[in-house]
Amino acid sequence: MPEAPSDALARLARAHGVATEYWDWRGNHVTVGTDTIREVLAAIDVDAADDATTEQALADKDLEAWRRVLPPVIVMRENWTPWVPVHVPEGDSVEARITLEDGTIRDLRPMDRPAEIRDIDGLPTSEVTVELPGDLPLGYHQLQVTYDAGRDAAATIIVTPERLELPAALAHDRAWGLTAQLYSVRSERSWGLGDVADLAELGTWAARQGADFVLVNPIHAAEPVPPMEPSPYLPTTRRFVNPLYIRVEEVAELGYLSAAQHQLVEWHSDDARRLNKLDHLDRDGSWQSKQAALRMIFRTESTHRRRRDLESFCEREGQPLIDFATWCAIAADRGTEWPSWPAELHDPSSDAVAKERERLSEDVDFYCWMQWVVQSQFLDAQRELRAAGMSLGVIHDLAVGVHPRGADSWALADVLAKGMSVGAPPDDYNQLGQSWSQPPWRPDRLAETGYAAYRDLLRTSLRMAGGLRVDHILGLFRLWWVPEGKKPLEGTYVRYDHEAMVGILALEAHRAGAVVIGEDLGTTEDWVRDYLSDRGVLGTSILWFERTEDGGPKPPETYRSLALASVTTHDLPPTAGYLQGEHINVRHELGLLTRPLEEELKIDREQREAVLDELRSRGLLRPGTSVDDQVDALHKFLTWSPSKLLGVSVNDLAGDVRTINQPGTDEEYPNWRLPMSGPDRRPTTLDDLMVSRRAKRLIRAVTRRGDR
C-alpha cells in the first residue's frame, strides 16, 4: 500500500486540482501515494518535498490571487455578468475598460461595494470588483485596468456559447456515416497509404449511398524523417497536419514540371505504389517517395496567385508555423530527439535557433509550403463532400496529446508538464492501466496564456471539417498523470477548468458551424456526461459497452440522443473479429489479461451471446446465421436508437477481422500498421470496397432503419 499523504499535503494537492483519492473501475476506493502527489505537484512548480515546503506552498496558494492585479483569464458564457476581482494598493483608484475583438472599446465602472483589505507581503492591498456586462459578444476580448501612477494590467476575456447548437441538418433528423483509419484505406492510385484524394473518393461514394459524414483518424503531423511514428494518436504536433496525406498528382505546380521531372515523379510513384501490395503499411517507404517528389515540385516556378495564397496562409498561421517548420528542418538535420540537440537549441526563441532557421531556410520554407498544400487539399476534400450532398462532410479527430520529444513538446514546453505522461487508470479492457507517453497540458499555464495553444489547434482541425471528434474528452475535465518511471496504476487525476476547456471548444465549433463529438468512454464521474450534453457536445455509444445495471445489453431505444452510436471502435477488433473473440486471443497472446484465459473467454462469450440473443428475440437473427448476418443485424439493431449520428466502420464494410490497435502495447503488436483487409486477412482496396456486395448489404441494413 502506498503511503497516504499528510493532511497538509492533501490540502495543497486539492488546492492545485491534484486528486489524493479516487474510485477505481471495480468500485474500490484508492488512496494516492505521497510520492506520486509530490512528483505531480513538482511538475507544476509546486515544491512539496517536505513538511516545511508544503506549508509554505499552502501559504503561497492562499495569496496567489491577491498577488495578481487581475486573474490571467476570465471565461464566461454569453449573458453572464461575472464579478472580476481587482487587487491594487489600498487607496488607489481604478479605471476599467474592455477592448472587444473587433477593436471597439467599452468603459466599465468598479462596483459600488466596500473593498476588502488584506496585508499582502507587507503592502496593504484592497480588492475591488468590476462587473462584466452581459451583452458581450462571443469571442476573445481584453479587460484592461489602470490604477494610480499610471500602472495597468490586462486579462483575456473569453465569451463562450451557452450551448453549441446542432447543425441545421441534425436539428430534426439523424445521420449516418463512415468511420475510417484514412491511412489504411488504399486505392490503386495511393502511394502506399490512404491520402486526401482517397478520402474525397470514399466520401463521394458514401454520399451517393446516403451517408452524411466520414469520420477519420487524427491527421496531425508525425516526424518529418524516418522512423515515422505509426500511431495517429501520438503525433509530433496537434496544430499541424501530416503531409504524408498529400496526393502528389493534385498539387497544382505539378503541371509546370519539365518532361524529365515528370518522369522522375512517375518513378517515385511507381516505387510507392508497390507498397500497396504489402500486408503491413510502410509509412517510411511511402514518405521517402512522396517527399522526393514534393521537393521537386516545391522548387519549380509557381504563379503569382498561388504565391499570394501561400503568403496569406503563412501570415495567418504566424509564428507557430515558423516554429513547427524550424523544428522539422532541424530534426531532419540533427535528429528528431530534440533533447539531444545542443542546449542552446532547446528554446525556440533563442538566437541560436534563429541562426539555424537562417541556415536551413530552404527546408523551413519547404515545410511551410507542405502545410499549405496538405491543408488546402483537406479543405478541398471537405468542399467536395459537401457538394456531393453530405450535410457534415469530414469529421476530424483530435488526439489527447503529443509525442514527448516532438515539435509541440519543443515549441510549447512552457505549457506542457515535464516528467509526466497522460494515461488511464486500470479498467475492464486495460486492467494494468495505460501510459500514453504524452506530456499533459499544465492547467496553470493554459490559463496564463489565455488558452492560446489550445485555441490554435482547434481552429486548424475545424477549418477543414464539418465536425470534430475529441478523443478522451474526459481529459478536458481531469487527466490521469503518470510520473516518469512509475507504473500507470501509480498515477493520479489532475483537474482542468472544464468550463474554459469545453467553452472554448464550443466557441470554436460554433464559429466553424461544426458538430462536436466527445469520446466519453471509460471511467468518469456521473455528472460529466450531463454537463457535456447541456453544452451541446455529443457523446459516444459503443454497442458492446452499452449495458444495463445487471450487465445485459441495453435496448437501443434507451441510448442517448445526443451521441454518435457505433458497433465498434478502433481500440476493438472490427465487428466480425469481435464476434470471433479476436480481442481475447490477442490480449492473451500479449500477456495483457489479469484474469485466467478461461474466465475471460467465458465472460466474453456470455456478453456476446446476450447481445445476439437480444437480436434473435427481436427477429433480427435466425439460428445458424453467419458472421456476416450477425454484423448486419448488429448495425440494424443500432438504427433503432435515437442517437443523432450512426457510424459504420469501413473495416466492417470490408469484413475485416484484425484489431487496428491494441491498447497497452507498442511494438508487441502491429498497431496502426494494418491496411484495410477482408475476412481472409489479406489487404483489400478502396476500389474493391466500392463494388463489394458485403459493403452494399451492410449499408442497406443501416439505411432501412424503419424496417422492424
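This one's a predicted model, so the numbers in the text were calculated from it and none came from an experiment. Position 1 is the first residue of the sequence; numbering continues from there.
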Student: Pair S421, S435 - check side chain to side chain donor-acceptor pair (under 3.5 Å), show working.
Tutor: CA-CA 6 Å; S421 171; S435 178; 2.9 Å; yes
Student: Have N661 and D571 got a donor and an acceptor in their side chains that come within less than 3.5 Å?
Tutor: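 Yes, side-chain donor-acceptor contact under 3.5 Å.
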Student: For residues P243 and W287, report the shortest heavy-atom separation together with the two atoms involved.
Tutor: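 So the two residues come closest at CG-CH2, 3.8 Å.
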Student: Can R694 and D652 be counted as an ion pair, charged N to O under 4.0 angstrom?
Tutor: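 Looking at R694 and D652, the cut-off is not met.
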Student: Run the side chain to side chain contact (heavy atoms under 4.5 Å, CB included) test on R463 and F378 for me, step by step, so that the C-alpha distance in whole Å, both residues' side-chain angles and the decisive distance to 0.1 Å come before the verdict.
Tutor: CA-CA 9 Å; R463 189 177 291 119; F378 270 108; over 6 Å; no
Student: I would like to know whether W327 and T237 meet side chain to side chain donor-acceptor pair (under 3.5 Å); could you show each step before the answer?
Tutor: CA-CA 11 Å; W327 181 87; T237 174; over 6 Å; no
Student: State whether a side-chain donor-acceptor pair under 3.5 Å links Q261 with S258.
Tutor: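 Yes - a donor-acceptor pair under 3.5 Å links their side chains.
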Student: Of D270, D271, N276, which is the lone residue that meets side-chain hydrogen bond (donor to acceptor under 3.5 Å, both in side chains) with R274?
Tutor: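 Exactly one pass, corresponding to D271.
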Student: Answer yes or no: is there a donor N or O on one side and an acceptor on the other, between the side chain of D284 and the main chain of P227, under 3.5 Å?
Tutor: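 Such a contact is absent between D284 side chain and P227 backbone.
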Student: Are W672 and S184 close enough that a side-chain donor and a side-chain acceptor fall under 3.5 Å?
Tutor: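 Distance-only check fails for W672 and S184.
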Student: Atom CG of residue position D351 - does it have more than 12 heavy atoms of other residues, nucleotides or ligands inside 6.0 Å?
Tutor: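 12 or below, so no.
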Student: Looking at every non-hydrogen atom in both residues, tell me the closest pair between L505 and I473 and how far apart they are.
Tutor: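 In terms of heavy atoms, the two residues are closest at CD2-CD1, 4.2 Å.
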Student: Indicate whether any N or O donor in one side chain lies under 3.5 Å from an N or O acceptor in the other, for D195 and Y183.
Tutor: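 Judged by distance alone, the side chains do not pair up.
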Student: Could you tell me the separation between the NE2 atom of H396 and the OG1 atom of T460, rounded to the nearest 0.5 Å?
Tutor: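 Going from NE2 on H396 over to OG1 on T460, the span is 10.5 Å.
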Student: With the side chain counted from C-beta on, respond yes when R299 and F366 share a heavy-atom pair under 4.5 Å apart, and no when they do not.
Tutor: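 They are not in contact (no side-chain heavy atoms under 4.5 Å apart), so the answer is no.
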Student: With a 4.0 Å cut-off, would you call D456 and R239 a salt bridge?
Tutor: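 Salt bridge flag = yes for R239 with D456.
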Student: Measure the spacing between CG of L178 and CG of N651 and express it to the nearest 0.5 Å.
Tutor: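 Between L178 CG and N651 CG, I get 11.0 Å after rounding to 0.5 Å.
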Student: Regarding E582 and R681, does a basic nitrogen lie under 4.0 Å from an acidic carboxylate oxygen?
Tutor: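 Between R681 and E582 there is a salt bridge, with a charged N closer than 4.0 Å to a carboxylate O.
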Student: Hey, is R189 close enough to D198 for a salt bridge, meaning N to O under 4.0 Å?
Tutor: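 Looking at R189 and D198, the cut-off is not met.
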Student: Quick one: CG on L321 to OH on Y367, what's the gap to the nearest 0.5 Å?
Tutor: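 Nearest 0.5 Å value for the CG-OH distance: 13.0 Å.
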Student: Regarding Q371 and W369, do their side chains bring together a donor and an acceptor under 3.5 Å, going by distance alone?
Tutor: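 Result is no, nothing qualifies.
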Student: Distance check, rounded to the nearest 0.5 Å: I517 atom CD1 versus F213 atom CZ?
Tutor: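 The distance works out to 6.5 Å.
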Student: Would you call F313 and S376 a side-chain contact if the rule is heavy atoms closer than 4.5 Å?
Tutor: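 They are not in contact (no side-chain heavy atoms under 4.5 Å apart), so the answer is no.
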Student: Could you tell me whether a side-chain N or O of H472 sits under 3.5 Å from a main-chain N or O of E519, the two making a donor and an acceptor?
Tutor: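 No.
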Student: Ignoring hydrogens, what is the shortest heavy-atom contact between V394 and V216? Give both atom names and the distance.
Tutor: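 So the two residues come closest at CG1-CG2, 4.3 Å.
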Student: Can you tell me if S677 and R658 form a side-chain donor-acceptor pair at under 3.5 Å?
Tutor: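 Result is yes, a qualifying pair exists.
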Student: Check whether D687 reaches the backbone of S187 with its side chain - one donor and one acceptor, N or O, closer than 3.5 Å.
Tutor: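 It does not hold such a pair.
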Student: Whether K418 and E484 form a salt bridge (side-chain N of Lys/Arg under 4.0 Å from carboxylate O of Asp/Glu) is what I want to check.
Tutor: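 No salt bridge links E484 with K418.
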Student: Y233 versus V400: any side-chain heavy-atom pair under 4.5 Å?
Tutor: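 They are not in side-chain contact.
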Student: Check for a donor-acceptor pair, side chain of Q580 on one end and backbone N or O of A576 on the other, with a separation under 3.5 Å.
Tutor: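 Pair found, side chain donor or acceptor close to backbone of A576.
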Student: If you take all heavy atoms of L275 and G285, which pair is closest and at what distance?
Tutor: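 Minimum heavy-atom contact is CD1-C, 3.6 Å.
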Student: Inspect the contact between R673 and E667 and indicate whether a charged nitrogen and a carboxylate oxygen are less than 4.0 angstrom apart.
Tutor: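 A salt bridge is present here (some side-chain N lies under 4.0 Å from a carboxylate O).
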Student: Any carboxylate oxygen within less than 4.0 angstrom of a Lys/Arg side-chain nitrogen, looking at R295 and D363?
Tutor: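 D363 and R295: salt-bridged.
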Student: Under a 4.0 Å N-O cut-off, is there an ion pair linking D309 with R306?
Tutor: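 No.
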Student: Write down the atom of G647, the atom of S566, and the distance for their closest heavy-atom approach.
Tutor: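 For G647 and S566, the tightest heavy-atom pair comes out as O-CB, 3.4 Å.
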Student: Return yes if some donor-acceptor pair links the side-chain N/O of T449 with the main-chain N/O of L446 below 3.5 Å, else return no.
Tutor: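 Flag set: sc T449 to bb L446 pair under 3.5 Å.
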Student: Can you see which heavy atom on R186 is nearest to which on G192, and at what distance?
Tutor: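 In terms of heavy atoms, the two residues are closest at CD-O, 3.1 Å.
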Student: Are W410 and V353 packed together at the side-chain level, in the sense that at least one heavy-atom pair is separated by less than 4.5 angstrom?
Tutor: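 Yes, at least one pair of side-chain atoms sits under 4.5 Å.
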Student: Got more than 12 heavy atoms from elsewhere within 6.0 Å of CD, Q288?
Tutor: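 Count not over threshold, so no.
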Student: Quiz question: by atom type and distance under 3.5 Å, do the side chains of E253 and S302 form a donor-acceptor pair?
Tutor: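 Per modelled atom types, E253 and S302 side chains form a pair under 3.5 Å.
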Student: Ignoring hydrogens and angles, tell me if any N or O in the side chain of E229 forms a donor-acceptor pair with the backbone of S231 under 3.5 Å.
Tutor: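 Yes: the side chain of E229 pairs with the backbone of S231.
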Student: Using modelled atom types and a 3.5 Å cut-off, is there a donor and acceptor pairing between side-chain atoms of Q377 and backbone atoms of R247?
Tutor: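 Present.
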Student: Looking at R359 and E356, does any basic side-chain N land under 4.0 Å from a carboxylate oxygen?
Tutor: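 E356 and R359: salt-bridged.
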Student: Flag yes if more than 12 heavy atoms outside R316 fall under 6.0 Å of its CZ atom; otherwise flag no.
Tutor: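 Yes.
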Student: Consider only side-chain N and O atoms of W372 and E311, and report whether a donor and an acceptor are under 3.5 Å apart.
Tutor: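 There is no such pair between these side chains.
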Student: State whether the side chain of E188 and the backbone N or O of S190 hold a donor-acceptor pair below 3.5 Å, judged by distance alone.
Tutor: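 The answer is no, because no donor-acceptor pair under 3.5 Å joins these two groups.
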Student: Go through the side-chain N and O atoms of E589 and N585 and say whether any donor and acceptor fall under 3.5 Å apart.
Tutor: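 There is no such pair between these side chains.
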Student: Using modelled atom types and a 3.5 Å cut-off, is there a donor and acceptor pairing between side-chain atoms of D408 and backbone atoms of R238?
Tutor: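 Such a contact is found between D408 side chain and R238 backbone.
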Student: With under 30° as parallel and over 60° as perpendicular, where do the rings of Y496 and W481 fit, or are they tilted in between?
Tutor: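 Correct class here is tilted.
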Student: Could you state the interatomic distance from CH2 (W341) to CZ (R334), rounded to the nearest 0.5 Å?
Tutor: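 W341 atom CH2 to R334 atom CZ measures 8.5 Å (nearest 0.5 Å).
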Student: Quick one: which residue pairs count as a ring pair (Phe, Tyr, Trp, His ring centres under 6.0 Å) with a foot in residues 648-670, not counting sequence neighbours?
Tutor: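 Of all non-adjacent pairs touching residues 648-670, none passes ring pair (Phe, Tyr, Trp, His ring centres under 6.0 Å).
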Student: Is it the case that the side chains of R273 and S269 hold a donor-acceptor pair, with the cut-off being a distance below 3.5 Å and no angle test?
Tutor: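 Indeed, the side chains of S269 and R273 share at least one donor-acceptor pair under 3.5 Å.
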Student: What is the distance from atom OG of S461 to atom CD1 of I219, rounded to the nearest 0.5 Å?
Tutor: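 Rounded to the nearest 0.5 Å, the OG-CD1 separation comes to 6.5 Å.
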Student: State whether the side chain of H220 and the backbone N or O of P232 hold a donor-acceptor pair below 3.5 Å, judged by distance alone.
Tutor: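 No: the side chain of H220 does not pair with the backbone of P232.
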